[in-house]
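Each remark here refers to the structure printed beneath this line.
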Amino acid sequence: MNPMLETTITVNGTRVTRRVEPRTHLVDFLREELGLTGSHTACEHGVCGACTVRVDGEIVRGCLTLAVQANGRAVDTIEGLSDSGEIRDLQAAFHERNALQCGFCTPGVLMTAQELLRTRPAATRDEIRDFMSGNLCRCTGYQSILDAIEAVLIARRQARPA
Amino acid sequence: MKASSFGYARPASLAEAFALLARHGEGAKLLAGGQSLIPSLNMRLAAPELLVDLGALGELEGIAPLGQGLRIGARTRHCEIERSALVAERAPLLAQAAPHIAHVAIRNRGTLGGSLALADPAAEWPACCVALGAQIVIASARGERRVAAEQFFKALYATELAADEILVAVEIPPPAPQARSVFLELARRRGDYAMVGLAAQANRTDGQLRDVRLVFLGVGAIPVLARHAMAAIEGKAADAAAIAAAQHELSKDLSPNGDLYTSAEAKLHLARVLTGRALAALAR
Amino acid sequence: MNDRIAPDQLAPAPRAEERKPAPAPVATRGYIGASIPRANAKRLLEGRGCYTDDIQLPRLAHVVFFRSPHAHARIKRLDLQPARAQPGVIAVFDGRAIAEYCTPWVAVLGHLKGIKSPPQHAVAIERVCWQGEAVAAIVAETRAQGEDALAHVEAEWEELPAVTDMEDALSGRYVIHPDLGDNICFKRELVTENFDAAFAQADLVVEETFGFGRHTGVTLEGRSILADYNAAEHSLTVYHATQAPHMMQDIFSRHLDIPEASVRVICKDVGGSYGIKVHVYPDEMATAAISVMLRRPVKFVADRLESFLTDIHAREHKAKIRLACTKDGRILGFDLDDLTAIGPYSVYPRTSGIEGNQVVNLTGGPYRHKAYRAKMHVVFTNKNVTCQYRAVGHPIAVALTEGIVDLAAAKLGIDPAEFRRRNIIPDDAYPYTFPSGIKFEKLSHEQCLDKLLEAMDYRALRAEQARLRATGVYRGIGLAAMIEVTNPSPAFYGVGGARISAQDGATVRLEPTGMVTCLASVTEQGQGTDAIFVQICATAVGVSVDKVRVMTGDTGVTPYGGGTWASRGAGIGGEAVLQAGKALKSNILDVAAAMLGVDKATLDVRDNAIVDGATGEAKLPLAEVGRVGYFRPDTLPMKFQAELSVTRHYTPREYGFTFTNGIQASLVEVDTDTGFVKLLKHWCVEDCGTVINPILVDEQIRGGIVQGLGAAMLEECVYSPEGQLLNGSLADYLVPMSGDVPDIEVAHVCTPTKQSELGAKGVGEAGTAGAPGAVMNAINDALAPLGARVTDQPFTPERILRALGRI
């Protein structure tokens, strides 16, 4: 049996310390240790994107990051982005366009979309389609998701001071 | 689908990492970005005793000029290469290839060195490094050595790296003034591993292609340098006849294995198609 | 140590004034037809859903399964004791141990004459029949510990011949279940009297054989179950990601021998279903049995690798189809010979005979030919089981029909749109009985075709196609008309003896505050059941949508009903809600009339208030009716009892199925050098009768189309000849991502069913039904000038290059 390692992570602005098994990936840690069940495990081999969270401000696959690797780092989840209001416009746009059905992929989709909005404000619809192609949604036809992201992208672009 | 239990160490220096490798031997596995290793752990395809996380080794990070060329630390992430102005200027092939690697969330963690050390035959960086004539910098307690990328890849998932060695950097020679590069890849979906890919590099002078390097991914156990095809186009203008000659020669260079969805014949055919497109682009 | 370092990062919740007012009802039909965002989507958008795997109970144990590595083998030796000794392991069970608590099942139905299948156990006993079949269960404190212990199970096998090829199975060279005599699970033959004559007099008979890859649903949330047995009560509570809670309640009760009233199935949020989560899965039954055996809660969540090996697969078909027509392009008849393989067992309780049966029922669907012959065999093989997945049989029937129709049109030199126009059943021909025996109430093929051609600007696309061909760009346009089974009556399962409800119920209750609560037996899988029931209920009662709260997915709470499958939720459950809402309104008016001392007929409920029906003048707020009805009934007339809670049920009876129709079109560009196909655009015109919420309907159609595009272009469960699944991961089994799909334009023709007052037909499967046929025809249209043609789905670059003769 390998020793549990003390791991301290700032999760959604709150510093938490736990002893974790090295094999525990970040999403299991968030879900099972912290009860942050908004991030989902759906493939656990890095393809579907349902586990997408932010580490030090950048999105990663939560299933391809060990909790111990996040020691000393800042992790943001859908719960954090919701509570801070950071993606309220994006959530509203998704809601208005019904850009989700079962909702299982949605937290990961929103995390990825927010990364796009932050890092590629000039993205075209094709670039949005491309950027989002690492997040599997099996319910929608993706169209409402792209529509929602595109609308927020334009709105944020217009809101930015010239 | 949970990984089997393993130990975890995060050495603060290369020396410490070497000591861990020496102590644990084959039971130790180096963890760089983990974007290929962790899925294989989760699926229990790999079950190391100890993961040695290179994440704290700042000396493995960063992109820096090396003369007129480049030195890229092994822990440099795909996204950093993708964004680097220095890479775009001095090794544009890498900048062209980067967006083909999986998706943003993966590129935010996956590393150059990790990809090279894994040596997946369908991965982008190994072929690019061979095309660019890069030197792979390898360190161990015994010292540092350099191996040409062309010699680095030995067999399927096997490289020049010994169990006690760590890939620390890649050195890329300066580009010639007339250098051009093209990276093409055919994948079933955006971000998937390539069915066939081609990293191509050449110097174009007076309408002719010289020092042509055509390196294929996804068609063999390792990146494949298409020497016969290269010879067929060397010093020629990339006109239809020369391109056809190079395409014809490919059957001497490539003997692909089929995969789940694509037969060997289809791969060879697709390699020819990419060759035609790449040579036309290099000549433009 | 947890120290909050940034409490100020929390944004305040939106204040009342920031909350938007409830949307206003539409003038004539209330909220029916209004694009109102789903209220229950908000918590999903904040990561506050509650899926089965999110539930933690005290003393929760986790079960993992040791699964067969072989497609067909006898278990020579199984030693679980080394696994039992591993850290964290609570118990280990083999098939015999589980069988003491869970009886086996046989999945046959009376109306599928001759269907046969052997008894199936929750965990295999003596023999395994597909790779992935559960052989032993290991219960541990954590999932990871359970998986650790799996490596210590010792098993010895005697491999048996694996039958993996359909033709081989049909030949009976090796019989998988010797007791059954052959490998034929079910067969059906059908021929109309005029068949021979029709084919004899035809000017043209075209024939083609089409192949359909076996694929699967890939719900993002794996199958999930948490069973919690209470020994003191001999009761079982099951948190289950399922589409049919009442069906599962019955099954847990009968197979675990617990009184039905003591079994409660609770379906929280479900992360995608598509037909995958409407079947009985052996590992889920074992999980429930183990909870009984261990007298504690036990959870099982299929991981992705298990999902590929054990979630039902679907659609492995090889079918020959012939079409007879006159030289002026009039279709005389179809001739079908379909072969499909379903794995080693018919799946309980719906059977695996339905998909093939549907292909027979639906082939030729949109057309007015009179002659039809069909032959269909369903055979056992040693691969994972197949069963009903979204659009059951339709994608096959549509692709066969539309593929052969295009071939006939091409041979006759008639434009495919024109060929369809000459042959579709006219809009004034209803009611109509189809040669396969099915009956159509009212369809709108002509209107749909017109609308589609206009939406896509068919002529302009053809002109552009011709222009581009001259430059070496190969674009193709494909059409696929279709019919779809929705709102099934008891003819689907009940008549065959399955305890699967064809009716659904709704209880609607006025709360003292004037709020309305609706409890409904149809479940929410993300398709928007809750949202449309809010709209229907609000409309029926006369309140605004923010006053209605819907609860579904709990057998302890809702009326009895079928749940979500076969595109039935809106049409059947919605009608129950409508009727319950209307009845509640009537009862509310009774109370109001008594309170006001006026004639009930002069009153109405509008905008959350009792109003004068003629003038609209507000008389009483609904809350006042609630207050008096519940707290001051003493003020009402002596013999008057307020009934502010009403239950209504609905069963479709007039037709076996309420058919819908639609037509899709696909525009593609084929790279003839690489064999890659770029999907440029997709159109769908669909007639689902009354549209309750357009944004829900449209995106559900799109999602369905994308699953169909996946089938056509990417998805296939690839097995080795030995029966090993070769692509059981999301990296190898390819599903469409955003980069792989085009924009999809959706339009509607609206022909409400007259069977119900709501008039809604189903829509959830339409997209999946038509998309593969449309794409296939588009690809073949693009390849036509090159003399190439593809017929085997998925249309991989390899297959296209071979068709082109490039390799």
Side-chain angles (χ1 to χ4, degrees), chain A residues 1-5 7 20-28 32 41-73 108-109 111-116 118-120 126-127 129-136, chain B residues 1-10 12 24 27-56 75 77-80 82-83 99-111 114 187-193:
Chain A
M1 186 67 189
N2 286 288
M4 311 265 266
L5 298 180
T7 301
V20 298
E21 275 197 275
R23 64 165 151 178
T24 303
H25 59 60
L26 184 55
V27 175
D28 273 352
E32 285 162 21
T41 54
C43 78
E44 293 182 281
H45 49 275
V47 182
C48 76
C51 62
T52 307
V53 295
R54 281 202 311 229
V55 174
D56 286 349
E58 291 177 320
I59 56 166
V60 303
R61 299 287 204 229
C63 73
L64 300 191
T65 305
L66 302 174
V68 291
Q69 284 182 289
N71 187 26
R73 299 185 181 270
V109 167
M111 299 298 291
T112 303
Q114 172 65 357
E115 176 110 335
L116 168 85
R118 283 192 316 118
T119 61
R120 326 240 166 149
D126 278 347
E127 285 164 353
R129 197 184 281 286
D130 199 51
F131 195 95
M132 296 306 298
S133 65
N135 286 75
L136 169 60
Chain B
M1 201 163 75
K2 308 298 175 193
S4 58
S5 187
F6 48 76
Y8 173 85
R10 192 179 169 87
H24 293 270
K29 193 110 188 136
L30 296 173
L31 172 64
Q35 301 304 284
S36 298
L37 176 58
I38 296 177
S40 71
L41 296 173
N42 289 350
M43 292 198 248
R44 297 196 181 220
L45 299 173
E49 289 162 25
L50 179 76
L51 282 192
V52 178
D53 184 356
L54 304 177
R75 264 201 50 81
R77 296 174 297 148
H78 308 321
C79 64
E80 293 167 312
E82 187 179 4
R83 289 194 292 256
H100 291 275
I101 303 173
H103 303 281
V104 171
I106 304 274
R107 297 203 290 276
N108 281 344
R109 279 194 81 75
T111 67
R188 293 291 296 284
R189 300 177 304 178
R190 190 86 186 95
D192 282 358
Y193 273 116

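Each chain gets a letter, A, B and so on, in the order the sequences are listed, and its residues count up from 1.
For a residue to count as touching a neighbouring chain, one of its non-hydrogen atoms must lie under 4.5 Å from one of that chain's; by this rule Met1(B) touches chain A with backbone and side chain alike. For Gln69(A), the parts lying near chain B are the backbone and the side chain together; criterion is any non-hydrogen pair under 4.5 Å. There is no contact between Arg129(A) and chain B, counting heavy-atom distances below 4.5 Å.
Looking only at distances, no side-chain donor or acceptor of Asn42(B) sits under 3.5 Å from a matching main-chain atom of His45(A). Side chain of Arg23(A) to main chain of Ala3(B): a donor-acceptor pair is present (N/O by atom type, distance under 3.5 Å, no hydrogens or angles).
Taking 4.5 Å as the limit, some side-chain heavy atom of Ser5(B) sits within range of a side-chain heavy atom of Glu21(A).
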Next on the checklist: Set out, in order, the CA-CA distance, both residues' side-chain angles and the distance that settles side-chain contact (heavy atoms from CB on, under 4.5 Å) for Thr65(A) and Ile38(B), then state yes or no.
Outcome noted: CA-CA 7 Å; Thr65(A) 305; Ile38(B) 296 177; 5.6 Å; no

Next on the checklist: side-chain contact (heavy atoms from CB on, under 4.5 Å), that's the test. Do His103(B) and Arg61(A) meet it? Break it down for me.
Outcome noted: CA-CA 10 Å; His103(B) 303 281; Arg61(A) 299 287 204 229; 4.0 Å; yes

Item to check | Check against side-chain contact (heavy atoms from CB on, under 4.5 Å), Thr112(A) and Val104(B) | outcome: CA-CA 8 Å; Thr112(A) 303; Val104(B) 171; 5.9 Å; no

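Salt bridge Arg77(B)/Glu58(A): present, at least one basic N to carboxylate O contact under 4.0 Å.
The only member of Thr41(A), Asp28(A), Thr24(A) that meets side-chain hydrogen bond (donor to acceptor under 3.5 Å, both in side chains) when paired with Lys2(B) is Asp28(A).
Rounding to the nearest 0.5 Å gives a distance of 5.0 Å between CG of Leu64(A) and CD1 of Ile106(B). Interatomic distance, Ile59(A) CD1 to Arg109(B) CZ, rounded to the nearest 0.5 Å: 12.5 Å. Asn108(B) CG to Asp56(A) CG: the interatomic distance, rounded to the nearest 0.5 Å, is 11.0 Å. Taken to the nearest 0.5 Å, the OH atom of Tyr8(B) stands 7.0 Å off from the CG atom of Leu66(A). Annotation: the span from Arg10(B) atom CZ to Leu5(A) atom CG amounts to 11.5 Å, rounded to 0.5 Å.
Applying a 4.5 Å heavy-atom cutoff, the residues of residues 45-55 of chain B that approach chain A are Glu49(B), Leu51(B), Asp53(B).
In this view, His24(B) satisfies the ring-ring contact (aromatic ring centres under 6.0 Å, His included) rule with no residue, not counting sequence neighbours.
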